[in-house]
There are 2 protein chains.
Amino acid sequence: MITSHTGTSGAEGKLPVATGSAEHLSTRKRILDIALELFTTQGYDKTSMREIAARMGFSKPAIYYHFASKEDILMALHLRLHEFGRNAVSTVQRDEASPRVWMALLDRLIDQILELHDLFVLQERNQAALAHLHRERHISEQDLLEDWFSLALANQEIPLDDRVRMTCAFKAVMGVMDLVDDVFSEVPSAALAALLREAVNDLMAPSLDPK
Amino acid sequence: MITSHTGTSGAEGKLPVATGSAEHLSTRKRILDIALELFTTQGYDKTSMREIAARMGFSKPAIYYHFASKEDILMALHLRLHEFGRNAVSTVQRDEASPRVWMALLDRLIDQILELHDLFVLQERNQAALAHLHRERHISEQDLLEDWFSLALANQEIPLDDRVRMTCAFKAVMGVMDLVDDVFSEVPSAALAALLREAVNDLMAPSLDPK
DNA sequence: GTCTATATAGGGATAGAC
DNA sequence: GTCTATCCCTATATAGAC
């Protein structure tokens, strides 16, 4: 949940930064937070600029001072994830994603995703809108998390049964993240992460043993 | 792929039917097929009625003879899945979805989903639009596949570790279906189904053994 | 940095002819 | 069952004042 911060803000806030993000707590950031919430709950396309503005407490055109377009807002949100993705995956070449490497990757991802899971829900719930964005502006394919994984999983040099398990493991991790709020709302993140790790481990075990 | 067929009326189009659906090959059905393709590739919101009409070979208002609204088209598509869902789940009470029952359920689902996987991709890619539809018209919650599963997985009488495994298994199945075309395009369905079953089995094994 | 007012386009939907 | 023409609304986005 985004606590939108009381935001009295008003005139001149040198508001203290609560997040570890690089962005300072400017109006821009507040817009992004509100947009994130609205986009995930209502969907990108069903959310209007007017609506975002209303939540901000001011009027629609004001947003255009901070963002050139509605898509730019989505883009900015997307880039947070982008950066994270590049980071998470940087140590691994896509064509050497063996089951063992994959496990290590997922293991690292579990914690990291939990922290950013708002962004992942956004991604999950607005695949269509993001795909469109992705098509329009020519984002280098390698940079995107989902694409990177898809391509890695399509690698035919890996035995098919391993690929299936790797896919299952990946989707299981992402899927559980998606249900963190709905299904596992009462469960502490750490506990969930531990159980998830266990499950993934059992799932991948046959691919990790020498054959 | 739907070959839009030149279209000129086609009073007597002997179009070869590829699908085994129950609906006869009426204009209505062709609209649904085209919409399905467009909605999945471009997203529901980015697809206009004009676009659907163009593919049909006639003009926008003609569609309104067959469907009262754009949402109705999505709805009709959604109902196919709906019916399937109710069917797939009918034998199980939600509160008795033990790990063992769950396994059996997924086992049945795997084949069935493969057959209808176009519809599942639609669902995955347009979660936002469908959620909205779902909110507006008051569809009985129990009837929807995703909701049914979410609620079953939220059942706190089931041990948490089992719930996590069940969730992983479910998401793995759905997730692999989603990637059938992208990642596993070269793999025959039957082979994929078999491997998927194996993976799910290993994943669920610890929950099936007596503790 | 935020406002009011406005331009503009596109989409969903209807009326009524054929 | 399909067409033409049209209505109407909403949404994005801009211009320019404060």
Side-chain angles (χ1 to χ4, degrees), chain A residues 5 7-15 23-35 38-39 42-77 126 128-130 132-133 136-137, chain B residues 4-13 15 23-35 38-39 42-78 126 128-130 132-133 136-137:
Chain A
H5 182 289
T8 68
S9 71
E12 47 295 42
K14 272 307 169 193
L15 296 172
E23 281 156 331
H24 60 292
L25 191 56
S26 56
T27 302
R28 183 184 162 92
K29 170 144 182 27
R30 285 178 53 223
I31 291 175
L32 285 178
D33 286 341
I34 288 174
L38 258 30
F39 289 171
Q42 311 181 333
Y44 172 78
D45 296 281
K46 294 280 183 302
T47 303
S48 68
M49 294 294 257
R50 199 215 102 263
E51 219 169 343
I52 297 174
R55 284 271 194 119
M56 287 293 292
F58 51 59
S59 198
K60 187 170 45 171
I63 298 182
Y64 286 89
Y65 175 82
H66 302 277
F67 294 93
S69 71
K70 186 184 174 187
E71 280 200 333
D72 273 4
I73 297 180
L74 183 60
M75 191 56 153
L77 252 15
N126 294 281
L130 282 161
H132 184 256
L133 193 72
E136 266 194 346
R137 336 219 169 167
Chain B
S4 169
H5 177 62
T6 77
T8 53
S9 77
E12 63 290 70
L15 296 178
E23 280 158 332
H24 62 292
L25 191 56
S26 57
T27 301
R28 183 184 163 91
K29 170 145 182 22
R30 286 178 54 223
I31 292 175
L32 284 178
D33 285 341
I34 288 174
L38 259 29
F39 289 171
Q42 310 181 335
Y44 172 79
D45 296 281
K46 293 282 183 301
T47 303
S48 68
M49 294 296 258
R50 200 215 103 261
E51 220 168 344
I52 297 174
R55 284 269 195 125
M56 287 293 293
F58 50 61
S59 199
K60 184 168 54 170
I63 298 182
Y64 286 89
Y65 175 82
H66 302 276
F67 294 93
S69 72
K70 186 184 174 188
E71 279 200 334
D72 273 4
I73 298 180
L74 183 61
M75 192 56 155
L77 254 13
H78 184 60
N126 292 282
L130 282 161
H132 184 258
L133 194 72
E136 267 192 348
R137 335 217 170 169

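Numbers restart at 1 for each chain; the letters A, B, ... are given by sequence-line order, proteins then strands. No hydrogens, no waters, no symmetry mates; every other heavy atom, side chains included, goes into these values.
At whole-Å resolution of the value, NZ in B:Lys29 and C1' in D:dG1 are 19 Å apart. The separation between B:Phe58 atom CZ and D:dT4 atom C1' is 15 Å, rounded to whole Å. The CE atom of B:Met56 sits 14 Å away from the C1' atom of D:dC3 (whole-angstrom rounding).
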Practice item. I would like to know whether B:Met75 and B:Phe67 meet side-chain contact (heavy atoms from CB on, under 4.5 Å); could you show each step before the answer? Key: CA-CA 10 Å; B:Met75 192 56 155; B:Phe67 294 93; over 6 Å; no

**Study point:** Evaluation steps, side-chain contact (heavy atoms from CB on, under 4.5 Å), between A:Ile34 and A:Ile31
**Key:** CA-CA 5 Å; A:Ile34 288 174; A:Ile31 291 175; 5.9 Å; no

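In this structure, A:Asp72 pairs ionically with A:Arg137, as a charged nitrogen and a carboxylate oxygen lie closer than 4.0 Å.
When all heavy atoms are compared, the tightest approach of B:Tyr44 to B:Lys70 is O-NZ, 3.0 Å.
Under the rule for a ring pair (Phe, Tyr, Trp, His ring centres under 6.0 Å), the partners of B:His78 that lie at least two apart in sequence or sit in another chain are B:His82. Considering only residues two or more places apart in sequence or on other chains, A:Ala35 meets the side chain to side chain contact (heavy atoms under 4.5 Å, CB included) condition with A:Phe39, A:Ile52, A:Ile73, A:Leu77.
For D:dT2, neither phosphate oxygen OP1 nor OP2 lies less than 4.0 angstrom from any side-chain nitrogen or oxygen of B:Tyr65. OP1 or OP2 of C:dT2 has at least one side-chain nitrogen or oxygen of A:Thr27 nearer than 4.0 Å.
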Exercise for review: Going 5' to 3' through nucleotides 6-18 of chain D, assign each nucleotide B (protein heavy atom under 4.0 Å from a base atom), S (under 4.0 Å only from sugar-phosphate atoms) or - (no protein heavy atom that close).
Suggested key: -----SBBBB---

